[in-house]
**Student:** 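Here's a structure for you.
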Amino acid sequence: MNVNPVELHEVSFAYNGTEVLRQVTLTVRPGEFLAVIGPNGGGKTTLLKIILGLLRPSEGTVTVLGTDPVSARAQIGYVPQRSAHERDFPISVWDTVLMGRLGRRAFRLSYHSDDEDAAREALRAVEMLDYQDRQIGRLSEGQRQRVFVARALAGRPRLLLMDEPTASVDVVMQAGIYQLLQKIKQDLTIVLVTHDIGVIASYVDKIACLGGEMFYHDSKEIGQKDLEKMYDCPVELIAHGVPHRVVREHRHD
Amino acid sequence: MIEALQFEFMQNALLAALLASVACGIVGAYVVVKRIVFIAGGISHAAFGGIGLGYWLGVNPLWVVTPFSLAAAMAIGLISRASKTAEDTTIGVFWALGMALGIIFIGLSPGYAPDLFSYLFGNILTVTTTDLYILLALDILIVLVVCLLHREFQAIAFDEDYAAASGLPVMAIYLALLGLTALTVVILIRIVGIILVIALLTIPAAVVRKWAGSLKAMMCAAPIVAAFFTCAGLVLSYYLDIASGATIIVVAGGVYFINLIVARRRGA
């Protein structure tokens, strides 16, 4: 049980000859809430897909929950990046959340009562149980995001991976989603990636910066040097929470 | 109309229309939400190769076109995914290659191919009792597969990456869906012909999508809409003495645009 949920060792990945990740080493410990930040195109989604086993690294080793990524899938909850396509897909909240059970119950004629219990529990955790019959297109962005978190939780995962969970959600809703994550976190390890570095610091335990290479920190404090290496333009980072830290906007001379 | 129903060809035509409506409504719902309309088009045109092969071998083309369409569907699916070529490129290749093979096979066949035209544009009035049994068997197969795999099809239509991440064999499910599409194409070729297949595969599902809140609701309503299109088109073509397949599509197209306007007014 005390195995590290995610262990990446010198992982590199190239897409059509373009190097996306270079020698990334990352350890996520049990119960941690890690935010991976970095610019768009910095390889954040690629990193998640490697942890999920959807992509194979060209070099390096990946261990997830003590095994290989594909075998670990049943214990991973995944909240993918949002697409416009899903907004008008004809499906109810309830059926969407049940999808989170499909991995363990594929090719059976119906869902088991366990599956329905898990779905109900997950919807209750994100406070969306009252909306179970609503078509997902008729929810607000924030509500829809909660439903996708519930879908990931319905599989009763040990590791939760989230890709830009607060993109296209307004600031109030963002805070709501982070508060929700804090609430459900208890015995869950969470890795989320985001290019939105404004809000996260007060909620997460650790921050890693990814811009092709990994600049990983065992704390929430990010050195300005790292930011300069990662982003080529001025970056404003406000890290409030404990420990308190504010990084000034830096200027190129 | 009552006196028209006394003719066996008219009874067969109506039965064929109803059988086809079941398949195209159900599978059409997947085709529309999964956005594989042009794969369906590619399969139906590639199927012409199977029809030509049937003539050349001297058997009922429906027997040959079924495995031929299935093979074309698998090939389009596998090649577009495995070779990293764009899907539409692969579709284009099979679309034309199937038609070309059909033309060559028919050229090699002795004599004149009498109802070639009916495979291109459909002729529901020449449906035989044997054809009806084949259509019924295909319908049963399609409904069975959908009952077994609906949730898996829904999952890959919704988000393939998520489905893969949750451990589903996405490629196998995708190929099964293309296989169902191929079977439906075979059924529809008899009704409206190769060239018009995609209209009947997409319009009923597209019409009900504006109103349905779930894929299941779409799959229940689309066959009814499809049955209306095929029966209304059939009756109109009988009285106006015009091509049945084309009339069915014109009715469907008309309803499609009326539905768009109504849905827009209602804000759906």
Side-chain angles (χ1 to χ4, degrees), chain A residues 15-16 45 48-55 64 69-83 85-96 98-111 115 133-138 148 151-152 154-155 157 159-161 163, chain B residues 25-26 28-36 81 83-86 143-174 176 205-222 263 267-268:
Chain A
Y15 186 76
N16 285 344
T45 297
L48 284 192
K49 289 191 170 175
I50 283 175
I51 298 174
L52 282 162
L54 293 177
L55 297 174
V64 181
V70 173
S71 315
R73 274 176 186 165
Q75 302 179 70
I76 303 177
Y78 175 42
V79 183
Q81 202 165 1
R82 323 298 317 285
S83 70
H85 169 53
E86 72 206 11
R87 205 165 301 143
D88 54 68
F89 198 94
I91 189 169
S92 67
V93 166
W94 180 246
D95 284 336
T96 307
L98 274 176
M99 245 181 231
R101 301 292 294 178
L102 200 52
R104 54 186 69 198
R105 203 163 292 280
F107 309 114
R108 308 270 178 88
L109 272 175
S110 66
Y111 286 107
D115 301 317
D133 296 323
R134 189 81 66 94
Q135 190 193 333
I136 57 159
R138 296 177 191 272
F148 289 110
R151 175 175 68 167
L159 173 65
L160 186 61
L161 303 178
D163 197 349
Chain B
I26 292 175
Y30 291 129
V31 168
V32 165
V33 300
K34 180 75 183 122
R35 300 184 179 182
I36 52 171
R81 294 284 167 114
S83 70
K84 287 187 180 171
T85 43
V143 171
L144 276 179
V145 173
V146 168
C147 286
L148 277 173
L149 295 179
H150 170 65
R151 290 169 309 153
E152 285 76 11
F153 288 145
Q154 176 173 270
I156 65 158
F158 190 66
D159 184 345
E160 275 198 16
D161 268 354
Y162 182 84
S166 59
L168 290 180
V170 168
M171 190 67 195
I173 297 167
Y174 179 64
V207 166
V208 302
R209 185 179 184 164
K210 291 277 175 200
W211 309 101
S214 75
L215 203 43
K216 269 187 189 152
M218 276 178 77
M219 294 164 92
C220 294

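The chains referred to below are lettered A, B, ... by the order of the sequence lines, with proteins before strands, and numbering in each begins at 1.
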**Student:** B:Ala155: what forms a side chain to side chain contact (heavy atoms under 4.5 Å, CB included) with it, not counting sequence neighbours?
**Tutor:** A:Met99, A:Leu102, B:Ala163, B:Leu168

**Student:** Could you give the distance from CG (B:Asp161) to CG (A:Leu48), rounded to the nearest 0.5 Å?
**Tutor:** 11.0 Å

**Student:** Go through B:Gly213, B:Ala164, B:Ala212 and name the one with the most non-hydrogen pairs under 4.5 angstrom from chain A.
**Tutor:** B:Gly213

**Student:** Under a 4.5 Å cutoff for heavy-atom pairs, which residue among B:Gly167, B:Ala217, B:Ser214 has the most contacts with chain A?
**Tutor:** B:Ser214

**Student:** I need the minimum non-hydrogen distance between A:Leu54 and B:Ala165, along with the two atoms involved.
**Tutor:** CD2-N, 3.8 Å

**Student:** Supply the atom-to-atom distance B:Arg209 CZ to A:Phe89 CZ, rounded to the nearest 0.5 angstrom.
**Tutor:** 7.0 Å

**Student:** Heavy-atom pairs under 4.5 Å with chain B - which of A:Leu52, A:Ile91, A:Leu161 has more of them than the others?
**Tutor:** A:Ile91

**Student:** For the residue pair A:Pro80 and B:Tyr162, what are the closest heavy atoms and their distance?
**Tutor:** CD-CD1, 4.0 Å

**Student:** Measuring heavy-atom distances to chain B, does A:Leu98 have an atom under 4.5 Å in its side chain, in its backbone, in both, or in neither?
**Tutor:** neither

**Student:** Is A:Arg151 close to chain B through its backbone or its side chain, or both, or neither, when contacts mean heavy atoms under 4.5 Å?
**Tutor:** both

**Student:** Kindly indicate whether the side chain of A:Asp95, heavy atoms from C-beta on, has any atom under 4.5 Å from the side chain of B:Phe158.
**Tutor:** no

**Student:** With rounding to the nearest 0.5 Å, note down the distance linking NZ in B:Lys210 to CG in A:Asp88.
**Tutor:** 8.5 Å

